[in-house]
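Below is the structure I would like to discuss, written out as structure tokens.
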Amino acid sequence: VTFQPDTRSWQLEQLNHYPDFNNYLIFVLTKLKSEDEPTRSLSGLILKNNVKAHYQNFPNGVSDFIKSECLQNIGDSSPLIRATVGILITTIASKGELQNWPELLPKLCLLLDSEDYNTCEGAFGALQKICEDSAEVLDSDMLDRPLNVMIPKFLQFFKHSSPKIRSHAIACVNQFIISRTQALMLHIDGFIENLFALATDEEPEVRKNVCRALVMLLEVRMDRLLPHMHNIIEYMLQRTQDQDENVALEACEFWLTLAEQPVCKDVLCNHLSKLTPVLVNGMKYSEIDIILLKGDVEEDDEAIPDNEQDIRPRFHRSRTVAQQYEGDRDGIEEDDDEDDDLEDDDTISDWNLRKCSAAALDVLANVFRDDLLLPILPLLKELLFHPEWVIKESGILVLGAIAEGCMQGMIAYLPELIPHLVQCLSDKKALVRSITCWTLSRYAHWVVSQPPDTYLKPLMTELLKRILDSNKRVQEAACSAFATLEEEACTELVPYLAYILDTLVFAFSKYQHKNLLILYDAIGTLADSVGHHLNKPEYIQMLMPPLIAKWNQLKDEDKDLFPLLECLSSVATALQSGFLPYCEPVYQRCVNLVQKTLAQTMSQPDQYEAPDKDFMIVALDLLSGLAEGLGDNIEQLVARSNILTLMYQCMQDKMPEVRQSSFALLGDLTKACFMHVKPCIADFMPILGTNLNPELISVCNNATWAIGEISIQMGAEMQPYVAMVLHQLVEIINRPNTPKTLLENTGTTRWHFAEPATITIGRLGYVCPQEVAPMLQQFIRPWCTSLRNIRDNEEKDSAFRGICTMISVNPGGVVQDFIFFCDAVASWVNPKDDLRDMFGKILHGFKNQVGEENWGRFSDQFPLPLKERLAAFYGV
């Protein structure tokens, strides 16, 4: 049997119908020595794929034959064949076969003691793969705890004469550090001692595994490392400069992990002067990077189409009630990775020494703040003005990395540095231009706080030129940086709108695929930042034709619709009535996208390939943007479509993000054209009630908000529905650690939004006081605490009217917590006159009720500012 690497997969599928096919494959791998090794290995890899896909259908005889052949040939003289057999063994093991193959682990452990190197190495290779793939099962009762034997056994091999074996041994044990496996914790001191003994091993793979172990131990057994911390830090300093970049990268992770530990400042402060230059040095592009990035070639590549593989998938972020200004610049949600800013070289392997060093410097700057400037400023002076571009480029990256942590201390130098950086934007090296864009965006906050002509105007002028750079990497960096600047500058940009739109619209005709997606983000962010100022005929004339042209060009199945829809959603919200001429086709297409996705979901409920619901989510969000921007102008469109029927289905979708977006749309339609929503309320309310689950925070948030908007519109007719939702809402506001979005979104968020449950309880109480007031005592304290932090706005107004109405129905419910009510009232800066009268009535009523003397004693508990404020505003 000979296999050509291009054997078609369907032919392989046909062959799988022969029961003996897999016997042939194992035979070729282990017995057919006349074939060359790559062919034999390929046979084993085809068998591995069959095991993955069909193992449960293998006849017993076949699987037993494969298992015994594997164990007999784990010591093959060829490293390639040994590795292939190891892969095959771990694949069988991870198919739940560790339980059904009881002799596997004892046999492999026995083979470790073989005199024959190949057998020992093959068995260790297989064990390492099993430890990687099945760590959890190995540490469970299912197998009678084999690690109690395996871990001490592995530790014996740390001192083996072969570097390959030593490396396998550490790699095996390393799999069990993070999970704090009991069998390893019993031997922790011996393990650490052995690691120290191997610290200067001549084999890079061993040094790399030692570094990896120490980084993980830092997280789980700091107590054991602390006594040796001085020496470990000195060692890691050396390893971060290791000749082997893989070792250096593992070691560099140590600083990232150490920065998250409470002891970081104490143990590291005396080493900062040594560590800083090491990290800074690691931030230079390596020679290989420069070749890969064509850094030394002047590259005008703007006309070269993108390679589609390079375009990362975009994930849509569903609309939440508190999201407006928190999106990351990348359009990709990466909450797990704080350092996604440091991504200016994503065409090289994603994570490398340069990025790790920059990320480490960033987190350390946040730990040490301005103390880091002492060692870093002298280095920066030298780097930033260096004649060699590679060194200068690394200096600009350093300056960006410390921006967040050292901002206070850097302010004194910025008047000199910002103009220098603005000059670097026109450097002849593309990589210098692109990193400068990023670094300037890190200081955007400061730039915007200064008089606009001094820094903002020159910076903006140069950044807009870079958006039209002839190098794609620079275009991308400039577009992202400009979006950050837009978020910081907001309406400061209004005077320059014509100039900005000119540039962004010109970029449309110039950009290749990947950067177009970032351009949409920059346009959407601009709309969010300047709002209704965009609604001028001349701006609309510039901006809308290219957006609508793209919109018409894209097919319904094209993922590029996501960023374009997000962008249009922001634009529609900003343009308000200015979007009217474009709204009908946009509205219609969104409704069609929702309908299409729902139809696919219905027709293939259990298909392996579920339809991509992102299309539906993005369409619902754009409809929300239209409703918010167009207000009652959307009424005609809603009347002529079946959106409410579709929304009813979306509100019951299995996927939380779909429900989240449909509740946001429900709230927006309730505000825009309630006459169409009202007939469906009896169907919608029970669904809203079942979605008040704070575990799914964004779904819960949006459902709560929608209930509040519906109450305002329904008035007293809300009465039959109060019982469906009230208990859940009271439970939410009494949760001890309700996340910030639910409790006190005090920032500028999409609906200047207090804790939705608090606002909604207030609104329900306003329209149905008889139903809600009896529960006053159960929620008044958290209610007041939550709303005292919110700026005056319409939501707060309607909620406080509700609480006052409820107090008049059930004054006893507030008596025990009256001080909290006083505090919440005092948080108002400018209540409307009639609301201020309501407050005054309640305060004076309470004072008269308890009498002058008791009131005196009661008000003596008030903090002074509260006392003064109530006296000044309400005369109590």
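All values below were derived from every heavy atom in this structure, side-chain atoms included, with hydrogens, water molecules and symmetry-related copies excluded. Because the structure is predicted, anything quoted here is derived from the model rather than measured.
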Rounded to the nearest 0.5 Å, what separates atom CG in L696 from atom CD in E657?
8.5 Å
List in chain and number order the residues that pass ring pair (Phe, Tyr, Trp, His ring centres under 6.0 Å) with Y455, two or more places apart in sequence or in another chain; answer none if no residue qualifies.
W446
Could you point out which residue of D792, L787, I790 forms a side chain to side chain contact (heavy atoms under 4.5 Å, CB included) with W828?
D792
Hey, are K678 and T670 close enough side-chain-wise for a donor-acceptor pair under 3.5 Å?
no
Do we see a donor-acceptor contact under 3.5 Å between the side chains of Q576 and H532?
no
Scan the side chains in residues 415-422 for donor-acceptor partners under 3.5 Å anywhere in the protein, sequence neighbours excluded, and list what turns up.
unit_1	atom_1	unit_2	atom_2	d
H420	NE2	L384	O	3.1

Within the supplied structure, the quantity of interest is the number of heavy atoms (other residues, nucleotides, ligands) at a distance under 6.0 Å from E538 CD; does it exceed 12?
yes
The criterion is side chain to side chain donor-acceptor pair (under 3.5 Å); which residues satisfy it with Q475, sequence neighbours excluded?
N515
Examine distances only and state if a side-chain atom of R433 and a backbone atom of K428 form a donor-acceptor pair shorter than 3.5 Å.
yes
Once side-chain contact (heavy atoms from CB on, under 4.5 Å) is applied, do any residues pair with Y648, and if so which ones, sequence neighbours excluded?
Q652, D683, F684, I687
Salt-bridged, K465 to D469, with N to O below 4.0 Å?
no
Sorted by first residue and then second, give each salt bridge (Lys or Arg N to Asp or Glu O under 4.0 Å) pair with at least one member in residues 585-594; sequence neighbours left out.
D556-R589
Side chains of S798 and Y766: do they bring a donor and an acceptor to under 3.5 Å?
no
Spell out, as yes or no, whether a donor-acceptor pair under 3.5 Å connects the side chain of R763 to the backbone of I712.
no
For the side chain of T484 and the backbone of S480, is there at least one donor-acceptor N/O pair under 3.5 Å apart?
yes
Can you sort out the partners of N471 under side chain to side chain donor-acceptor pair (under 3.5 Å), two or more places apart, ordered by chain and number?
none
